[in-house]
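Read the structure below first, then the notes.
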Amino acid sequence: MDKTLIGIWAGMICRTLDEKGRLSVEELKQATRLESDSIYAAIGWLAREGNICFFDNNEFSVHIYHEHYY
């Protein structure tokens, strides 16, 4: 697994979350056809960049972080 591949997966997940909103890992697997380890690597990449938020309401899910200015 190299950084280029993880970056590609992160882009796939970012676009998917942007289109569909908050998703669980299982839903991301179905939408992107990536394996769990690839999804978790990409989520780590996106989290490090501050691009996603996490939820744990009985099921781990993520969504794109959009900063709002009021």
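- The structure places CD1 of Ile13 at 10.5 Å from OH of Tyr40, a figure rounded to the nearest 0.5 Å.
- With sequence neighbours excluded, the residues satisfying side chain to side chain donor-acceptor pair (under 3.5 Å) with Glu49 are Trp45, Asn51.
- Here the closest non-hydrogen pair linking Glu27 and Arg22 is OE1-O, 4.3 Å.
- Summarising the geometry of Ile6 relative to Ala41, their closest heavy-atom pair is CG2-O, 3.7 Å, with the distance given to 0.1 Å.
- Annotation: the span from Asp37 atom CG to Trp9 atom CH2 amounts to 6.5 Å, rounded to 0.5 Å.
- Here the side chains of Leu46 and Cys14 are in contact, with some heavy-atom distance below 4.5 Å.
- Atom CD1 of Ile8 and atom CG of Asp2 lie 8.0 Å apart (nearest 0.5 Å).
- Partners of Lys20 by side chain to side chain donor-acceptor pair (under 3.5 Å), not counting sequence neighbours: none found.
- In this structure, the side chains of Val62 and Leu28 come closer than 4.5 Å at one or more pairs of heavy atoms.
- Side-chain atoms of Leu23 and His63, non-hydrogen and from C-beta on, never get closer than 4.5 Å to each other.
- For Glu19 (side chain) and Thr16 (main-chain N/O), no donor-acceptor pair under 3.5 Å exists by modelled atom type.
- Residues Thr32 and Met12 approach most closely at O-CE, 3.7 Å, considering heavy atoms.
- Here the closest heavy-atom approach between residue Ile39 and residue Lys29 is recorded as CD1-CG, 3.3 Å.
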